[in-house]
Amino acid sequence: MKEIKILSNTKNLAKVRRLLSQFLLKRGVCLRQIDEIKLAVDEAITNIIEHAYQFHKGKEIYIQLKLDENRFYATLHDRGRSFALEKVPEPHLEKYILEERDGGLGVFLIRNLMDKVTYCHREGGYNEMVMVKQLKGGEWR
Amino acid sequence: MSKFNVSTSTDEETLATIVRAEGSLDGETVPHLRKVLVDLIEEGHCKLIIDMEKLAYISSAGVGAFIGVTKRVREEKGDLIFVAPTPSVYNVLDLLGLTKLFKIVDDCQKAIAEFQK
């Protein structure tokens, strides 16, 4: 298990991706799945910075990485604004082009890259997202 | 910090502009790309060739920058053509459905040829 604490600044995205790569490489996860996990976690942290913390810098984001048998778990905590994961719609790219919309794709990617995603607001006043990926040696899902 | 660099050059004959993106395109670096794209469009460059050969990483923030300017360039009879994305970048474009809505070619000459059609 590995725990990482970062502040809500997009400058920290590359650092998290680097730490994720190190964590997963050491445990023999294939490069393609590392790419998928890095992207999903990047998307989740970007959402926290942008939506939960509204780009306010210096707010805490807690990340826990865990590998259990053939499953990878990433748990993220923040104390910003929460949202209803189940209400985030599937993106409609042609519509987004017409609306000149440059966001709204992150949750779709997270859902597609990971096998299970849950999100809730916890009693301690923080939001928790848990992403799970079944690891299958050396192949795309 | 993410490393990202973008450079541009314009083909005199077709007036197509090659936008070479290198490094990692994420939530940190996308404002730089977005400014380059908007400046080009405001200068009248709407045939945009996005050279992704040296783009190692893209998140949805990066993809969004391209989606966000597509309407403007298409209204001006231009478009975005993506060139030589690495497999991991291609997978992100494909997952998000861009491979169905945009041309993706192997090299910049092919992209220029597309704008000559």
Side-chain angles (χ1 to χ4, degrees), chain A residues 6-18 20-21 30-53 55 57 61 88 90-114 140-141, chain B residues 1-5 22-38 41-42 46 48 55-76 78-80 82 85-102:
Chain A
I6 61 163
L7 297 178
S8 54
N9 188 325
T10 54
K11 288 189 192 316
N12 290 320
L13 290 169
K15 175 185 168 185
V16 173
R17 293 198 301 268
R18 194 178 64 248
L20 257 172
S21 281
C30 77
L31 292 175
R32 300 188 91 173
Q33 290 198 310
I34 292 176
D35 278 350
E36 292 182 328
I37 291 168
K38 275 198 302 188
L39 181 56
V41 174
D42 177 317
E43 296 292 344
I45 294 171
T46 302
N47 278 348
I48 290 172
I49 293 170
E50 187 176 339
H51 301 295
Y53 287 136
F55 290 111
K57 290 175 184 170
I61 302 171
V88 178
E90 294 279 301
H92 189 311
L93 216 55
E94 283 163 323
K95 191 174 152 211
Y96 285 11
I97 288 171
L98 292 176
E99 292 171 352
E100 299 177 85
R101 213 172 136 172
D102 61 7
L105 302 168
V107 169
F108 174 79
L109 277 181
I110 294 168
R111 282 180 177 142
N112 276 275
L113 295 166
M114 305 300 277
W140 281 104
R141 283 184 289 118
Chain B
M1 282 177 67
S2 299
K3 287 180 184 167
F4 179 69
N5 188 42
E22 296 180 28
S24 295
L25 189 47
D26 62 8
E28 179 192 1
T29 58
V30 74
H32 181 194
L33 173 76
R34 201 179 287 130
K35 183 176 185 321
V36 169
L37 294 175
V38 168
I41 294 164
E42 285 177 358
C46 291
L48 301 178
L55 187 66
Y57 177 82
I58 192 168
S59 71
S60 73
V63 173
F66 298 121
I67 299 292
V69 299
T70 299
K71 184 185 174 195
R72 284 179 73 185
V73 296
R74 288 183 175 172
E75 279 175 352
E76 298 297 325
D79 208 342
L80 293 107
F82 298 109
T86 57
S88 62
V89 169
Y90 181 89
N91 282 323
V92 179
L93 300 180
D94 194 37
L95 197 51
L96 289 172
L98 274 78
T99 50
K100 290 177 186 155
L101 298 175
F102 294 87

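Order of the sequence lines fixes the chain letters, A, B, ..., with proteins taken first and strands second; residue numbering starts at 1 for each chain. Only this structure's heavy atoms are used, side chains among them; waters, hydrogens and symmetry mates stay out.
Heavy atoms closer than 4.5 Å to chain B are found in both the backbone and the side chain of Lys11(A). Heavy atoms of Glu94(A) lying under 4.5 Å from chain B belong to its backbone as well as its side chain. When heavy atoms are compared at a cutoff of 4.5 Å, Leu101(B) approaches chain A solely by way of its side chain, counted from C-beta outward. Heavy atoms closer than 4.5 Å to chain B are found in the side chain of Arg17(A), but not in its backbone. Only the side chain of Phe108(A) comes within contact range of chain B, with heavy atoms under 4.5 Å apart. Of the two parts of Tyr57(B), only the side chain, counted from C-beta on, holds a non-hydrogen atom closer than 4.5 Å to a non-hydrogen atom of chain A.
Side chain of Thr10(A) to main chain of Ile49(A): no donor-acceptor pair is present (N/O by atom type, distance under 3.5 Å, no hydrogens or angles).
A distance of 4.0 Å separates CG of Leu98(B) from CD1 of Ile67(B), quoted to the nearest 0.5 Å. Note that the CG atom of Leu98(A) and the NZ atom of Lys71(B) stand 6.5 Å from one another [nearest 0.5 Å].
Taking Leu31(A), Leu93(A), Asn12(A) one by one and counting their heavy-atom pairs under 4.5 Å with chain B, the maximum is reached by Leu93(A). By number of non-hydrogen pairs under 4.5 angstrom with chain A, the leading residue of Ala61(B), Gly97(B), Gly68(B) is Gly68(B).
The side chain to side chain contact (heavy atoms under 4.5 Å, CB included) check on Thr99(B) picks up Tyr90(B), Leu93(B), Asp94(B), Ile104(B), with sequence neighbours excluded.
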Evaluate Ser88(B) against Asn91(B) for side chain to side chain donor-acceptor pair (under 3.5 Å), listing each step before the verdict. CA-CA 5 Å; Ser88(B) 62; Asn91(B) 282 323; over 6 Å; no
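Contact check for Ile97(A) versus Phe102(B): side-chain heavy atoms found under the 4.5 Å cut-off.
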